[in-house]
*Asks:* 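Next up is a structure, given as structure tokens.
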Amino acid sequence: MTAPSSLHRVAVGDTHLAVHTAGAGLPVLLLHGFPLDHAMWAAQEPLAEHVRLVVPDQRGFGASTGPGPTSIEQLAADAAALLGALHCGPAVVCGLSMGGYVAQHLAVHHPDRVAALVLVDTRLEADTPEARAVRADLAAKTARLGQAIVADAMVPRLLATSPPARAAAGRPAVEAALRDAILRQPVATIQAALGALASRPDMTAAMRGVRVPALLVVGAEDAITPPACMETALAVVPHARLLVVPHAGHMTPLEASDVFNRALLDFLAAARLHPA
Ligand code: MLT
């Protein structure tokens with residue numbers, strides 16, 4: 001990280017979370033997507049010049065101990081306990097995809113922990129029956145064939161596919177890093193998380209009651225949670241603004257890091273949480 005980074009191991013319930021922190025001041029919690037870990041936020045390290053980054057591996061992922069998650073509610077309870085253990089006041093909670101589901105639960109069920117919300121490449125709705133069946137099939141295949149089947153299924157869908165996006169410098173390295181990240185997650189965590197994702201509730205009604213400022217960000221080429229998901233969220237979440245980022249897919253903070261980091265700082269300034 002640009003500012004010096006520390007690695008903590010924090011006991012939370014029946015698990016020990018590995019969490020990287022850097023910088024000082026306003027806490028900004030970055031919650032990774034499935035089936036990744038804290039490393040997906042590497043391009044946000046420069047934000048530690050402005051805020052206190054808190055970047056955990058969620059339970060069972062990365063260097064955090066298992067067991068994997070049984071529900072999104074459990075991941076939100078972990079995150080709330082983590083912020084408490086690190087003596088953070090209300091935080092800016094930023095989550096991508098699965099991390100965005102967790103961020104929504106934090107805002108609804110642990111509102112005292114949340115100063116503002118940044119939902120990235122995610123959705124408010126629960127899985128459809130078809131999506132649940134796909135997850136059950138992937139969980140069964142993962143048990144037989146290991147993490148490579150998940151990497152094969154997911155990596156091609158994570159990134160933007162238009163010609164300019166494919167031609168971007170560093171694209172092969174990004175694809176390789178995502179594949180490596182998936183391959184290093186335990187099979188049991190992937191299976192548990194697929195169950196947690198499939199059983200998550202629809203948050204639409206609950207999110208109407210969120211009162212903190214919210215920034216919604218989505219890649220224009222997101223194939224997993226397309227811009228329409230975030231347009232729906234914009235109509236639901238009371239104090240929200242939406243940014244659609246060109247030439248980005250499901251991994252906007254990684255694919256368009258300069259745009260994302262600037263948008264986050266501008267949002268914090270507009271919400272009077274941080275100077276521009
Ligand atoms: C993620 O990126 O976290 C997953 O794609 C979430 C999901 O499959 O719903």
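In this chain, numbering begins with 1 at the start of the sequence shown. Read the numbers this way: they start at 1 and go in the same order the structure lists the ligands and their atoms.
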*Asks:* Under 4.0 Å from a heavy atom of Gly33: give me the atoms of ligand 1 that qualify, with their elements.
*Replies:*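 Taking each heavy atom of Gly33 in turn, ligand 1 has 3 (O) under 4.0 Å.
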*Asks:* Does any donor atom in the side chain of Thr70 or Gln74 lie under 3.5 Å from an acceptor atom in the other side chain?
*Replies:*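 Looking only at side-chain atoms, Gln74 and Thr70 do form a donor-acceptor pair, the distance falling under 3.5 Å.
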*Asks:* If you measure from each non-hydrogen atom of Arg123 to ligand 1, which part falls under 4.0 Å: side chain, backbone, both or neither?
*Replies:*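 For Arg123, no heavy atom sits under 4.0 Å from ligand 1.
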*Asks:* What's the verdict on side chain to side chain contact (heavy atoms under 4.5 Å, CB included) for Arg262 and Asp258, showing C-alpha distance, side-chain angles and the deciding distance?
*Replies:* CA-CA 6 Å; Arg262 186 68 256 162; Asp258 289 349; over 6 Å; no
*Asks:* Report, in ascending order of atom number, the atoms of ligand 1 lying under 4.0 Å from any heavy atom of Tyr101.
*Replies:*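 Those of ligand 1 that fall under 4.0 Å from Tyr101 are 6 (C), 7 (C), 9 (O).
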*Asks:* Does any N or O atom in Gly99 lie less than 3.5 angstrom from one in ligand 1, N or O only?
*Replies:*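 No; the residue has no nitrogen or oxygen that sits under 3.5 Å from a nitrogen or oxygen of the ligand.
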*Asks:* Give me the nearest non-hydrogen protein atom to atom 7 (C) of ligand 1 as residue plus atom name, then the distance to 0.1 Å.
*Replies:*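 Result for atom 7 (C) of ligand 1: Arg135 NH2, 3.4 Å.
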*Asks:* Between Leu138 and Leu194, is the side chain to side chain contact (heavy atoms under 4.5 Å, CB included) condition met? List the steps.
*Replies:* CA-CA 8 Å; Leu138 187 57; Leu194 283 166; 4.2 Å; yes
*Asks:* Could Arg59 and Asp78 be called an ion pair, given the rule that one side-chain N must be under 4.0 Å from one carboxylate O?
*Replies:*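 So Arg59 pairs with Asp78 through a salt bridge.
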*Asks:* Angle between ring planes, Trp41 versus Phe260, binned at 30° and 60°: parallel, tilted or perpendicular?
*Replies:*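 Trp41 and Phe260: tilted rings.
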*Asks:* May I ask you to decide whether Asp180 forms a salt bridge with Arg184, counting only side-chain N to carboxylate O separations under 4.0 Å?
*Replies:*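 The answer is no: the pair does not qualify as a salt bridge.
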*Asks:* Salt bridge or not between Arg179 and Glu175? Use side-chain N to carboxylate O under 4.0 Å.
*Replies:*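 Answer for the salt bridge query: no.
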*Asks:* Report yes or no: does His32 have a heavy atom closer than 4.0 Å to ligand 1?
*Replies:*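 His32: no contact with ligand 1 (<4.0 Å).
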*Asks:* What's the shortest distance from atom 1 (C) of ligand 1 to any protein heavy atom, and which residue and atom give it?
*Replies:*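 Checked against all protein heavy atoms, atom 1 (C) of ligand 1 sits closest to Ser97 OG, 2.8 Å.
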*Asks:* List every atom of ligand 1 that sits less than 4.0 Å from any heavy atom of Ile224, numbering the atoms from 1 in the order shown and giving each element.
*Replies:*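 Ligand 1 atoms under the 4.0 Å threshold to Ile224: 5 (O).
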*Asks:* Which atoms of ligand 1 sit under 4.0 Å from any heavy atom of Met98?
*Replies:*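 In order of number, 1 (C), 3 (O), 6 (C).
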